> 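Structure below; questions to follow.
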Amino acid sequence: MSQLGCICGERMTKTSCPSPCSLDIFYDAEVDKAICEDSAITLHSFLSGWDERNDCAKEYMDRPEPVDYWYCPACKRVYEVQYKPGGRWLRIYKKADIPVADRFEGWTRIYVLPDAETDAATEEDWEIRLYDYLQQHDNVRYYLSPDEKIVHAVDKATEKVLFSYELEDSWSPSAEE
């Protein structure tokens, strides 16, 4: 059983499936690489880290260290957490309902995949391809600033920023060395 306390006081858990506190977040390069390597990769294989063609585990997230993402339904903060027993948060993003800026040119696209949405998609069609899922859930696009301090949620049709997330706090393992 995993749990995390939010700084707002809310206790988040991932004991229920789907969990309202669980997110998967990938950089566009990670998604593009997975689809390029296997255009038929299923959503569930991608999220579970499984390579069906080679019948083996595969890591699709290309980060300096494995991370997990948590979402607080109470205050809407997003936590990036070390993915290991006893790991701690690395970054905390706080939602700003009023966009902090209206520009996102040159920013990195990220894919935010809430557990409840991906679970519903695989319940409806276990074999849904990652590419198809992303096409069906493309009304809001997310962009990360080059310094990774701001995330914009952008309406695909109007290209207007709907809301933003700002880096509230960060911690690095090297800070304790």
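Values in this document were obtained by computation on a predicted structure and should not be read as measured data.
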> Listing request: all salt bridge (Lys or Arg N to Asp or Glu O under 4.0 Å) pairs with a residue in residues 44-54, at least two apart in sequence or in separate chains.
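Every salt bridge (Lys or Arg N to Asp or Glu O under 4.0 Å) pair that includes a residue of residues 44-54, provided the two are not neighbours, is Asp38-Arg53.
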> Output the distance between atom CZ (Arg11) and atom CG (Leu4), rounded to the nearest 0.5 Å.
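Going from the CZ atom of Arg11 to the CG atom of Leu4 covers 10.5 Å.
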> Between Glu30 and Tyr111, is there a side-chain heavy-atom distance shorter than 4.5 Å?
no
> Report the residues that fulfil side-chain contact (heavy atoms from CB on, under 4.5 Å) with Asp138, sequence neighbours left out, ordered by chain and then residue number.
Arg109, Arg141, Lys156
> Sequence neighbours excluded, which residues qualify as side-chain contact (heavy atoms from CB on, under 4.5 Å) partners of Thr158?
Asp155, Lys160
> What is the distance from atom OG1 of Thr118 to atom CD of Glu123, rounded to the nearest 0.5 Å?
10.5 Å
> Are more than 12 heavy atoms from other residues, nucleotides or ligands located less than 6.0 Å from atom CD of Glu65?
yes
> Which ILVMFWY residues can you reach from Val161 by hopping between side chains whose heavy atoms are under 4.5 Å apart?
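Members other than Val161 - counting any ILVMFWY side chain reachable under 4.5 Å - are Val100, Phe104, Trp107, Tyr143, Ile150, Val154.
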> Got a sec, which pairs hit ring pair (Phe, Tyr, Trp, His ring centres under 6.0 Å) with one end in residues 57-93, sequence neighbours left out?
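Every ring pair (Phe, Tyr, Trp, His ring centres under 6.0 Å) pair that includes a residue of residues 57-93, provided the two are not neighbours, is Phe46-Tyr60.
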> Taking the side chain as every heavy atom from C-beta outward, state whether Asp97 and Lys95 have any pair of such atoms under 4.5 Å apart.
yes
> If hydrophobic clusters are built by linking Ile, Leu, Val, Met, Phe, Trp and Tyr wherever their side-chain heavy atoms come under 4.5 Å apart, do Leu47 and Trp50 end up in the same one?
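Different clusters: Leu47 never reaches Trp50 through Ile, Leu, Val, Met, Phe, Trp or Tyr contacts under 4.5 Å.
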> Return the minimal non-hydrogen interatomic distance between Gly106 and Pro146, and the atom names on each side.
O-CG, 4.1 Å
> Taking the side chain from Ser48 and the backbone from His44, do they hold a donor-acceptor pair closer than 3.5 Å?
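At least one qualifying donor-acceptor pair exists.
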> Can you give me the closest heavy-atom contact between Cys72 and Glu10, atom names plus distance?
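Looks like SG-CB, 3.7 Å.
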> Give me the atom names and distance for the closest heavy-atom approach of Ser164 to Pro99.
OG-CA, 3.4 Å
> Return the CD1 to OH distance between Ile35 and Tyr131, rounded to the nearest 0.5 Å.
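So the gap between those two atoms works out to 8.0 Å.
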> Looking at side-chain heavy atoms only, is the closest gap between Gln82 and Arg88 below 4.5 Å?
yes
> Hey, could you give me the SG/NZ distance between Cys6 and Lys76, rounded to the nearest 0.5 Å?
11.5 Å
> Cut-off 3.5 Å, no hydrogens considered: what does the side-chain donor-acceptor table look like for residues 18-29, sequence neighbours left out?
unit_1	atom_1	unit_2	atom_2	d
Ser19	OG	Thr13	O	3.0
Ser19	OG	Cys21	N	3.1
Tyr27	OH	Glu148	OE1	3.3
Tyr27	OH	Glu148	OE2	3.0

> Measuring from Gln3:CD to Thr15:OG1, what's the distance to the nearest 0.5 Å?
8.5 Å
> Atom CH2 in Trp126, atom CG in Leu43: separation rounded to 0.5 Å?
9.0 Å
> With a 4.5 Å heavy-atom cut-off, do Arg77 and Met12 have their side chains touching?
no
> Would you find more than 12 non-hydrogen atoms of other residues, nucleotides or ligands less than 6.0 Å from Glu124 atom CD?
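Atom CD in Glu124 is not packed in, count stays at 12 or less.
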> Is the number of heavy atoms from other residues, nucleotides or ligands within 6.0 Å of NZ (Lys14) greater than 12?
yes
> Does Pro173 reach the side chain of Leu90, with side-chain heavy atoms less than 4.5 Å apart?
yes
> Do the side chain of His152 and the main chain of Arg103 share a donor and acceptor less than 3.5 angstrom apart?
yes
> side-chain contact (heavy atoms from CB on, under 4.5 Å) between Lys33 and Asp62: does it pass, once the steps are laid out?
CA-CA 10 Å; Lys33 182 179 177 187; Asp62 185 22; 5.6 Å; no
> Which atom names give the shortest non-hydrogen contact between Val112 and Pro114, and what distance separates them?
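Minimum heavy-atom separation between Val112 and Pro114: O-CD, 3.3 Å.
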